[in-house]
Amino acid sequence: KEDEGSGGDSGSGGSKKITLGFSQVGSESGWRSANTDSVKSAAKEAGYNLKFSDAQQKQENQISAIRSYIAQKVDVIAFSPVVVTGWDAILKEAQAAKIPVVLTDRSVESDESLFVTLVGSDFTDEGRRAAKILEKVLEKAGHKGKVKIAQLEGTTGAAPAIERAKGFKEIMDAEHKDDWEIVVSQTGDFTRAGGKQVMAAFLQSNPDINVLYAHNDDMGLGAIQAIEAAGKKPGKDILIVTVDGVKDGFIAMSEGKINAIVECNPLLGPQLMEVVQKVHDGEKVERWIKTEESDFMQDQAKDALPTRKY
Ligand code: AHR
């Protein structure tokens with residue numbers, strides 16, 4: 001799906017408008033919708049000619065979008081890669097055409113010379129933060145005995161799925177080897193429907209699960225429906241930690257159904273546009289421009305809700 005940019009060649013100041021080709025992952029989650037809105041409005045604000053396409057979570061769609069941006073000779077290409085591998089060939093095509101590539105949100109496993117920078121979060125640290133906040137959740141709930149964790153993973157092969165699992169496991173192995181165990185772990189593809197379906201199966205196969213760690217709010221929200229359908233209380237019988245911090249996640253947290261949220265900020269548009277301008281002007285930029293984020297416990301949800309921007 002492609003939205004054509006609005007654009008002539010010159011802005012009101014007479015200088016040539018920057019044409020930015022942006023390939024978005026899809027529209028799988030509330031986080032993604034907020035990210036898309038942020039990119040579109042920041043591009044408008046910056047006066048760029050934005051060519052935007054939604055890959056519907058398919059790598060082949062992203063590759064053809066990028067190839068078409070190369071053919072159209074855009075000034076800069078930005079994209080949020082659905083998975084980490086398989087990008088070398090298309091990145092080399094962009095390099096051969098002398099079009100700089102900026103990664104946003106997610107990273108790739110490619111030679112670093114093939115892209116200029118990454119504007120996005122530290123997902124491994126988000127995984128560590130999820131484990132650390134789970135310690136607080138367990139303490140607050142007065143939990144005794146084994147911690148039997150179900151993990152809802154993001155899209156298989158995607159940076160946030162790999163790294164959020166890795167960071168969480170790092171803390172678990174170092175500090176909770178004897179009392180925490182991930183008893184089931186499967187992808188819910190970052191969607192609400194996926195979270196619901198996979199959690200329903202988890203509850204059948206492992207009725208003794210007492211913690212859910214979901215790699216995003218949407219899967220957590222879907223899982224809540226499955227937990228309630230199984231006659232259990234989310235946030236009580238099963239303690240829940242999710243990642244993102246979208247409004248619906250905060251609403252569920254203020255209702256006592258999610259115990260803690262690790263924030264992942266989707267409002268990357270303004271920072272991305274600044275970087276695009278610098279890259280276009282040939283200025284040096286850092287290799288990784290990291291996003292600032294916070295963590296939230298349930299008792300902060302009601303106060304934080306009115307000021308959530310997404
Ligand atoms: O890459 C960021 C992740 O992608 C968000 O956490 C998730 O909600 C989205 O789909």
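Along the sequence shown, the residues carry numbers beginning at 1. Every number for a ligand or one of its atoms is a count from 1 in the order of the listing. Since we're looking at a predicted model, the values are computed, not measured.
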Identify each donor-acceptor pair in which a side-chain atom of residues 88-100 lies under 3.5 Å from a protein atom, sequence neighbours left out, and give them as a table.
residue: Asp88; atom: OD1; partner: Ser110; partner atom: OG; Å: 2.6
residue: Glu93; atom: OE1; partner: Arg67; partner atom: NE; Å: 2.9
residue: Glu93; atom: OE2; partner: Arg67; partner atom: NH2; Å: 2.7
residue: Gln95; atom: NE2; partner: Ser113; partner atom: O; Å: 2.9

Going by the ring pair (Phe, Tyr, Trp, His ring centres under 6.0 Å) test, which pairs reach into residues 239-290, not counting sequence neighbours?
Phe250-Phe296
Glu135: which residues meet the side-chain contact (heavy atoms from CB on, under 4.5 Å) condition with it, sequence neighbours left out?
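Checked Glu135 against side-chain contact (heavy atoms from CB on, under 4.5 Å); matches are Lys132, Ile171, Glu175, His176, Trp180.
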Would you call Arg106-Glu163 a salt bridge at under 4.0 Å N-O?
no
Can we say Lys140 and Asp299 salt-bridge, meaning some charged N sits less than 4.0 Å from an Asp/Glu carboxylate O?
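A salt bridge is present here (some side-chain N lies under 4.0 Å from a carboxylate O).
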Check: Arg164 side chain, Asn216 main-chain N or O, donor-acceptor pair, under 3.5 Å:
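Answer holds: no.
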Ligand 1: protein N/O within less than 3.5 Å of ligand N/O:
residue: ligand 1; atom: 1 (O); partner: Arg32; partner atom: NH2; Å: 3.4
residue: ligand 1; atom: 1 (O); partner: Asp105; partner atom: OD1; Å: 2.8
residue: ligand 1; atom: 1 (O); partner: Asp105; partner atom: OD2; Å: 3.0
residue: ligand 1; atom: 1 (O); partner: Arg106; partner atom: NE; Å: 2.8
residue: ligand 1; atom: 4 (O); partner: Arg32; partner atom: NH2; Å: 3.0
residue: ligand 1; atom: 4 (O); partner: Arg106; partner atom: NH2; Å: 2.9
residue: ligand 1; atom: 6 (O); partner: Arg164; partner atom: NH1; Å: 2.8
residue: ligand 1; atom: 6 (O); partner: Arg164; partner atom: NH2; Å: 3.2
residue: ligand 1; atom: 6 (O); partner: Asp244; partner atom: OD1; Å: 2.6
residue: ligand 1; atom: 8 (O); partner: Ser29; partner atom: OG; Å: 3.2
residue: ligand 1; atom: 8 (O); partner: Asn216; partner atom: ND2; Å: 2.9
residue: ligand 1; atom: 8 (O); partner: Asp244; partner atom: OD2; Å: 2.7
residue: ligand 1; atom: 10 (O); partner: Glu28; partner atom: OE2; Å: 2.4
residue: ligand 1; atom: 10 (O); partner: Ser29; partner atom: OG; Å: 3.1

